[in-house]
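Below: the structure, in structure tokens.
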Amino acid sequence: MPLLVMKFGGTSVADLDRIANAAAKVKREVERGYDVIVIVSAMSGKTNELVGWVEGTSPLYDAREYDAVVASGENVTAGLMALRLQEMGISARSWQGWQVPINTTSAHGSARFVSIPRANIDAKFAEGFKVAVVAGFQGISVEGRITTLGRGGSDTTAVAFAAAFGAERCDIYTDVDGVYTTDPRISSKARKLDKIAFEEMLELASLGAKVLQTRSVELAMRYNVRLRVLSSFEDTDENSGTLVCGEDEIMESKVVSGVAYSRDEAKITLFTIEDRPGVAQAIFGPLSEAGVNVDMIVQNISEKDYDEAHPGAVTDMTFSCPINQVARAQKALEDAVAAGKIKYDELIIDTEVAKVSVVGIGMRSQVGVAARSFAALAAEGINIKVISTSEIKISVLIDRKYMELAVQALHDAFELEKTA
Ligand code: ADP
Ligand code: ASP
Ligand code: MG
């Protein structure tokens, strides 16, 4: 029997009516002859509420208990979806992660898949069940504890199931009708793409375009899963939405294909540190052990290159990390100071920054993208605080209050509203 994976995100299962709407889409595919694995998110807002409860109880919480709490949102939707399908006459059964079992690493809060044995679900299909509804975002560790995959993780569950079960396609149903040149909620000029290359989607996702979780794109690329993003609120067919696929399938070739942003960034500067071998390790080692995801890093020549209080060369180190990791980062650095591993004159924390990035595989062969980006930002009077580049992206850290303006300015500068 051909098999499809259909994933419904939070807004697509936000209430009983929307669950019914999603179930009707599943029913249609069953009637077309497919067995279906449905992956569901928690109802919209639920995971945020659960995270809030955890943080309200224990600010530097035990990650095992965080997972025990936040994984529960998906369990509710999985059961409700199975019930709704049964009401529609479709034989469906729900599965929590541990029941499959979805085996993951023990990295609570950002676990990775180890294996997804097919036997239990295959046995149910063999019994005549047409739909397996699986709770997204969760799994079970070797210690037998519930794990979660990181925010947005149900996308990754969907792709992993598509790979494990050899699905014909992995359809990600969401509240927009595809992947756009930038977030359509920020720019009315955003244009829907029919196709986007894995590499570009990977870069856009990792730079903040939350329409797909980064790891879902990584997995799709590795296992060559046909991955599609489409609307759960519109009538859809085989040609709807955006296909994420190999570069060779893409006709359009623009230098820049999209603009991404990440709102909740923080910038931390260690002012006046020693400039000696090993100092970067002494700073970033403890940050990594504390689970801080350091992103951009800049080391520059200090104004205080030499003075009597600081014999020897000194410098400053600046890095960015997600805003909700600032407390952890600060504690790790202060502990490293107390242990005599590092010293600095001052720790400057700026929590009012955002990151904006332009992405495109065309940048590999085209120069001038950085200059054009910086000119567009300068024309709007936007100051750049940190820059980082790779082969196919340019990112800048700017004041958060200019984030929307920067996205629009860059979108205009590369004429992304027009097709190539
Ligand atoms: P779901 O709950 O279905 O997983 P998400 O909220 O995680 O949905 O992702 C969908 C959202 O991603 C859209 O509502 C949109 O605001 C946002 N988004 C950001 N960048 C893009 C983009 N380039 N194209 C489409 N949507 C984007
Ligand atoms: N419910 C989880 C979250 O909000 C996972 C997901 O929706 O993909 O992050
Ligand atoms: Mg999502």
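Read the numbers this way: they start at 1 and go in the same order the structure lists the ligands and their atoms.
- When non-hydrogen atoms are compared, ligand 1 lies under 4.0 Å from the side chain of Pro184 (C-beta onward) but not from its backbone.
- Shown in contact with Ser154 at under 4.0 Å from a heavy atom are these atoms of ligand 2, numbered in order with element: 5 (C), 6 (C), 7 (O), 8 (O).
- The contact set between ligand 1 and Thr174, taken as ligand atoms under 4.0 Å from a residue heavy atom, comprises 1 (P), 3 (O), 8 (O), 10 (C).
- Salt-bridge formation is detected for the pair Asp295/Lys355: a Lys NZ or Arg NE/NH1/NH2 atom is positioned less than 4.0 Å from an Asp or Glu carboxylate oxygen.
- Of the polar atoms of Gly150, none of the N or O atoms is found under 3.5 Å from an N or O of ligand 2, judged by distance alone.
- Remark: distances from the non-hydrogen atoms of Gly10 to ligand 2 are all 4.0 Å or more.
- For the pair Lys124 and Phe129, the cation-pi criterion (under 6.0 Å, within 45° of the ring axis) is fulfilled.
- Those atoms of ligand 1 that come under 4.0 Å of a heavy atom in Val179, given as number and element, are 24 (N).
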Taking it one step at a time, do Tyr261 and Glu404 satisfy side chain to side chain donor-acceptor pair (under 3.5 Å)?
CA-CA 9 Å; Tyr261 65 87; Glu404 269 110 351; over 6 Å; no

Might you work through the side chain to side chain donor-acceptor pair (under 3.5 Å) test for Asn239 and Arg228, ending with a clear yes or no?
CA-CA 10 Å; Asn239 302 316; Arg228 191 163 68 135; over 6 Å; no

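- Within the 4.0 Å heavy-atom criterion, the part of Thr182 lying near ligand 1 is the backbone and not the side chain.
- Taking the ring centre of Phe8 as origin, the terminal cationic atom of Arg84 falls outside the region bounded by 6.0 Å and 45° from the ring axis.
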Given Val259 and Thr181, is the side-chain contact (heavy atoms from CB on, under 4.5 Å) satisfied, shown in steps?
CA-CA 6 Å; Val259 181; Thr181 49; over 6 Å; no

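- For the pair Gly152 and ligand 2, a heavy-atom separation below 4.0 Å is found.
- Using a 30° and 60° split on the angle between ring planes, Phe284 and Phe319 fall in the perpendicular class, above 60°.
- Taking the six-membered ring for Trp, Phe161 and Phe165 have ring centres closer than 6.0 Å.
- In terms of protein heavy atoms, atom 7 (O) of ligand 2 is closest to Ser41 OG, 2.9 Å.
- Of the protein's heavy atoms, Arg151 NE, 2.6 Å lies nearest to atom 9 (O) of ligand 2.
- The single protein non-hydrogen atom nearest to atom 27 (C) of ligand 1 is Val211 CB, 3.7 Å, given as residue, atom name and distance.
- Between Lys46 and ligand 2 there is no heavy-atom distance shorter than 4.0 Å.
- Looking at ligand 1, you'll find an N or O of Asp183 within less than 3.5 Å of one of its N or O atoms.
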Derivation and outcome, side chain to side chain donor-acceptor pair (under 3.5 Å), residues Ser216 and Asp155:
CA-CA 6 Å; Ser216 71; Asp155 299 330; 4.8 Å; no

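- For ligand 1, none of its N or O atoms has an N or O atom of Val176 under 3.5 Å away.
- Among protein heavy atoms, atom 25 (C) of ligand 1 sits closest to Gly178 O, 3.4 Å.
- Looking from atom 2 (O) of ligand 1 to the surrounding protein, the closest heavy atom is Gly10 N, 3.1 Å.
- Under 4.0 Å is where a charged nitrogen must lie from a carboxylate oxygen, and between Glu415 and Lys418 at least one such pair does.
- Between Glu31 and Arg28, none of the side-chain N atoms (NZ, or NE/NH1/NH2) sits under 4.0 Å from a carboxylate O, so this pair counts as no salt bridge.
- Taking only nitrogen or oxygen atoms, main chain and side chain alike, Arg185 reaches within less than 3.5 Å of ligand 1.
- The option with the heavy atom closest to atom 2 (C) of ligand 2, from among Gln213, Gln138, Glu74, is Glu74.
- At the top of the distance list for atom 11 (C) of ligand 1, counting protein heavy atoms only, stands Asp175 OD1, 3.9 Å.
- Counting heavy atoms under 4.0 Å from ligand 1, residue Lys7 touches it through the side chain alone.
- Between Arg364 and Glu391 there is a salt bridge, since at least one side-chain N of the basic residue sits less than 4.0 Å from a carboxylate O of the acidic one.
- The pair Lys25-Asp171 fails the salt-bridge criterion, with no side-chain N (NZ, NE, NH1 or NH2) lying under 4.0 Å from an Asp/Glu carboxylate O.
- Nearest protein heavy-atom neighbour of atom 24 (N) of ligand 1: Tyr180 N, 2.9 Å.
- Protein heavy atom at the shortest distance from atom 7 (O) of ligand 1 is Lys210 O, 3.4 Å.
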